[in-house]
Structure formats: C-alpha cells, structure tokens
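Below is one structure, written out as structure tokens, with a few remarks after it.
Bear in mind that the values here come from a model prediction, so they are computed numbers and not experimental data. We use all heavy atoms of the structure for the numbers below, so side chains are in, but hydrogens, waters and symmetry mates are not.
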There are 2 protein chains.
Amino acid sequence: MEPVTSSARGQQPGDVIKGDLRDLRVQLGMLNRHVGARLGLREVDLDCLDLVSRHGPLSPGALARQAGLHPATMTGILDRLERGGWLVRERDPADRRSVVLRVPPDRGREIAGLFTAANAAMDELFAGCTEDELQVIAGFLHRAVEAVRTAATGL
Amino acid sequence: MEPVTSSARGQQPGDVIKGDLRDLRVQLGMLNRHVGARLGLREVDLDCLDLVSRHGPLSPGALARQAGLHPATMTGILDRLERGGWLVRERDPADRRSVVLRVPPDRGREIAGLFTAANAAMDELFAGCTEDELQVIAGFLHRAVEAVRTAATGL
DNA sequence: CTCATATAATACGAGTATCGTAATATCTCC
DNA sequence: GGAGATATTACGATACTCGTATTATATGAG
C-alpha cells in the first residue's frame with residue numbers, strides 16, 4: 001500500500017500544513033460517510049447532528065446559517081433526522097414561530113459509539129504529546145477555525 | 001456577534017482539539033461551497049479537483065476510493081468537471097482501459113485565486129508561530145490524517 | 001387596538017445528483 | 001487464443017437540493 005498522502009515536496013512548512021488540513025477534511029468526510037452509511041444518514045446529516053449536539057440547542061434557521069445551507073434544505077435534513085429519531089423539534093415557548101432542535105442523550109451516545117475507533121486513535125495521538133504541545137495545537141486550530149470562517153463569509 | 005465556536009467547557013484538552021477539528025471541517029466545507037458557488041460546482045467536486053491537483057494524476061477509480069465515493073458517482077462528477085473544463089480525461093497509454101485525470105495548470109491557478117483570502121489568513125497565522133510550533137502542528141496533523149484514515153477504512 | 005410589515009419554518013415542484021446494475025473495452029494468465 | 005478479471009461508463013430508479021409561495025407569529029406605527 002503506497003503512502004497516499006504525499007504532501008511531501010511542498011517547500012514552505014505552511015504549505016504542508018495547508019495540504020494536511022485539506023486531507024484531514026477529506027478523511028473526516030469519509031469517516032462521516034462510513035458512519036452515516038451504518039445509520040442510513042448522509043454526510044451533511046451527521047454534520048448537522050454534530051453541530052446541534054455540540055453547539056447546544058439551536059433553531060433550524062441558525063443551524064442553516066452555521067452550516068451554510070438553504071433553509072429549505074435544512075427542512076429536508078431535519079425531516080430525515082427526525083424520522084429516524086436522531087433529533088427532536090420542540091416549539092420555542094418564547095417565540096412560537098421558532099423551533100429548537102435537541103438530540104436525545106441516548107441517541108447521541110449511540111452515534112458517539114461509532115466514532116469510538118477514531119476517538120481512541122486520536123487519544124493515542126494526544127498521549128504522545130506534551131501538555132505544551134497540546135496547547136500549541138489547540139490554540140492553532142481554534143484560530144484556524146476563525147480564520148476560515150471569516151474567509152468563507154467574506155465571499 | 002457572539003462566539004459561535006464554544007467548545008470551551010470541555011475539560012480534557014484533547015476534547016477541545018477534537019471539537020475544533022470538527023468545526024474546522026464544517027468551516028472548510030462552507031468555504032468550499034462558497035467557492036464552488038462562484039464556479040458552478042459543488043462541494044464534492046472541489047474536493048475531487050483538489051485531490052487530483054495535489055495527489056498527482058489519478059485514475060477515476062483510485063480517486064473514487066480515496067474520496068470514498070461510488071465509481072458511478074465519480075463518473076457524474078467527472079462529467080461535470082470536464083464539461084466546465086476544470087479537468088481533462090486522458091487515456092493511459094500503459095493500460096488503455098484506464099484513464100488519467102489532470103488539471104490544466106491555468107485552471108488550477110484560477111481556482112487557487114478564489115482561496116487567496118483563506119490562504120492569506122492562514123499565512124498570517126503561521127507568521128505568528130515559531131518554527132518549532134509549526135513543526136509540532138504539521139507533525140500532529142499528518143499523524144491525525146493517518147489516524148482518521150485507518151479509523152474510516154476500519155468500518 | 002388594528003393593521004402593515006418582518007421573520008421563522010415549511011410545503012411544493014422543477015431540476016439534478018447519487019447509486020445499483022449492466023454493458024463495453026482492455027488486460028493478464030494459462 | 002481464450003477465460004476470467006479489471007476499469008470505466010451508460011442507464012434508470014430513487015432521493016436530495018433549492019427557488020418560490022404559504023402559514024403562523026411577532027413587532028412596530030398610527
């Protein structure tokens with residue numbers, strides 16, 4: 001099996017990092033597709049589910065903005081997710097036009113279970129790092145998220 | 001504007017990193033969708049184009065395996081990309097069943113231009129890091145790609 | 001208080017993508 | 001030379017995405 005991620009001959013260390021970030025995106029997408037296949041869901045569905053479970057209860061509109069999707073598309077995604085019981089729609093008592101999305105805790109754990117292998121591999125990676133290194137990585141990633149966000153919304 | 005990426009109250013530093021990786025994936029996806037919208041392409045199309053341009057000339061089958069897509073799906077994607085002139089199909093002289101995919105250099109630059117803002121933001125991030133820190137980050141990302149790859153194929 | 005306007009979510013239809021299967025062309029090995 | 005394997009693509013059924021219109025509720029002006 002040949003090494004699939006070349007990204008080797010890039011001169012600048014920054015270029016290597018950029019390439020690895022893109023590869024990581026593709027790989028995480030594949031992981032999502034495989035997990036989704038087990039669950040009868042698609043990549044974008046899992047993304048939305050992940051956003052809801054990590055970034056707290058959200059409205060469909062807010063979720064659509066965060067994911068960069070059309071509100072009507074979000075309706076279809078939520079229909080799929082709700083049909084499978086992965087997520088529930090509740091009326092917001094404060095604004096009855098609005099809806100809040102919530103992931104039942106047991107369902108969340110069920111999904112997390114399929115990511116166990118990936119999580120374990122990551123934890124092993126972390127175990128080989130010093131506290132300072134983890135700090136550097138976390139700081140970088142956090143700022144990278146913001147940088148990409150502003151670049152994306154700037155279009 | 002409230003901070004959208006919370007990922008703050010996670011206790012373990014590893015959990016923070018995992019959360020940021022997921023957020024980064026979503027944001028890179030949004031960036032891809034926005035850039036794609038300018039070009040009349042979709043997210044997955046740009047992913048494939050990126051894989052071809054960075055991981056050298058590839059066959060459709062190999063590309064489908066790397067991206068985790070059905071070969072027939074890849075045909076549709078390649079049809080779109082070729083119709084727009086983003087990519088050419090050439091017969092492999094060694095194996096005439098096979099096809100090699102190639103991105104015309106000028107088209108590659110055209111696409112890269114739309115990522116200029118994101119690249120600049122990234123470069124600015126790199127400028128604020130020491131050489132050692134970049135080394136740590138690059139090393140981590142590279143191993144993370146491999147970890148996720150094996151976890152994904154393990155399903 | 002009433003009405004006009006704005007906002008949130010969804011229904012609906014047109015266009016399009018995805019994927020399983022089958023077909024075609026070529027290679028490899030005996 | 002022929003049988004089986006492999007790479008790619010054609011085709012059709014199914015399902016998704018997105019623009020627009022619709023319903024329900026909130027907000028502000030008169």
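Shown here are the side-chain contact (heavy atoms from CB on, under 4.5 Å) partners of B/R96, two or more places apart in sequence or in another chain: there are none. Under the side-chain hydrogen bond (donor to acceptor under 3.5 Å, both in side chains) criterion, A/R91 pairs with no residue at all, not counting sequence neighbours. With sequence neighbours left out, the side-chain contact (heavy atoms from CB on, under 4.5 Å) criterion links A/T150 to no other residue. Remark: B/R65 engages no residue in a salt bridge (charged side-chain N to carboxylate O under 4.0 Å, His left out) (not counting sequence neighbours).
For the pair A/C129/B/V136, no side-chain contact is recorded, criterion being any heavy-atom separation below 4.5 Å from C-beta on. In this structure the side chain of A/M74 reaches within 4.5 angstrom of the side chain of A/C48, judged on heavy atoms. For the pair B/V16/A/L141, no side-chain contact is recorded, criterion being any heavy-atom separation below 4.5 Å from C-beta on.
A pairwise comparison of heavy atoms in A/A138 and B/I17 identifies CB-CG1, 3.8 Å as the closest pair.
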Can you pull every protein N or O that's under 3.5 Å from an N or O on nucleotides 12-16 of chain C?
none

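Among residue pairs with one or both ends in residues 126-145 of chain A, none qualify as salt bridge (charged side-chain N to carboxylate O under 4.0 Å, His left out); sequence neighbours excluded. Pairs of residues two or more places apart, or lying in two chains, that qualify as salt bridge (charged side-chain N to carboxylate O under 4.0 Å, His left out) and include a residue from residues 73-86 of chain A are A/D45-A/R80, A/D79-A/R89, A/E82-A/R89.
Here C/dC19 presents its C1' atom at 15 Å from CG of B/L78, a figure rounded to the nearest Å. Residue A/L69 contributes atom CG, which lies 14 Å from atom P of C/dA9 at whole-angstrom precision.
Axis orientation changes by 30° from one end of the helix from C/dC1-D/dG30 to C/dC30-D/dG1 to the other, with each end axis drawn from 5 pairs and the value rounded to 10°.
Protein chain B contacts DNA chain D from D/dT6 to D/dA10, reading 5' to 3' and using non-hydrogen atoms of the protein with a distance under 4.0 Å.
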Donor-acceptor pairs are to be reported for all side-chain atoms of residues 110-126 of chain A against protein atoms at under 3.5 Å, with residues two or more places apart or in another chain.
unit_1 : atom_1 : unit_2 : atom_2 : d
A/E110 : OE1    : A/R107 : NH1    : 2.9
A/E110 : OE2    : A/R107 : NH1    : 3.3
A/T116 : OG1    : A/G113 : O      : 2.5
A/N119 : OD1    : B/K18  : NZ     : 3.3
A/N119 : ND2    : A/F115 : O      : 3.4
A/D123 : OD1    : B/K18  : NZ     : 3.0

Please output the side-chain donor-acceptor pairs of residues 28-42 of chain A that fall under 3.5 Å, not counting sequence neighbours, one pair per line with the distance.
unit_1 : atom_1 : unit_2 : atom_2 : d
A/N32  : ND2    : A/D47  : OD1    : 3.2
A/R33  : NE     : B/G68  : O      : 3.4
A/R33  : NH1    : A/E43  : OE1    : 2.6
A/R33  : NH2    : B/A67  : O      : 2.3
A/H34  : ND1    : B/A152 : O      : 2.8
A/R38  : NH2    : B/L155 : O      : 3.1

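Residues from residues 85-98 of chain A that place a heavy atom under 4.0 Å from any atom of DNA chain C, listed by number: A/R89, A/R97, A/S98.
Using a 4.0 Å heavy-atom distance criterion, A/G76 is classed as making no nucleic acid contact. The residue B/V100 sits apart from the nucleic acid: no heavy atom pair falls under 4.0 Å.
Electrostatic pairing of B/R149 and A/D23 does not count as a salt bridge here, judged by no charged N lying under 4.0 Å from a carboxylate O.
Comparing B/D45 and A/M74, the nucleotide of DNA chain C nearest to each residue sits closer to the 5' end for A/M74. Mapping B/V99 and A/I77 onto DNA chain D by nearest heavy atom places B/V99 closer to the 5' end of the strand. In this structure, A/A62 and A/R33 both approach DNA chain C, and ranking their closest nucleotides by distance from the 5' end singles out A/A62.
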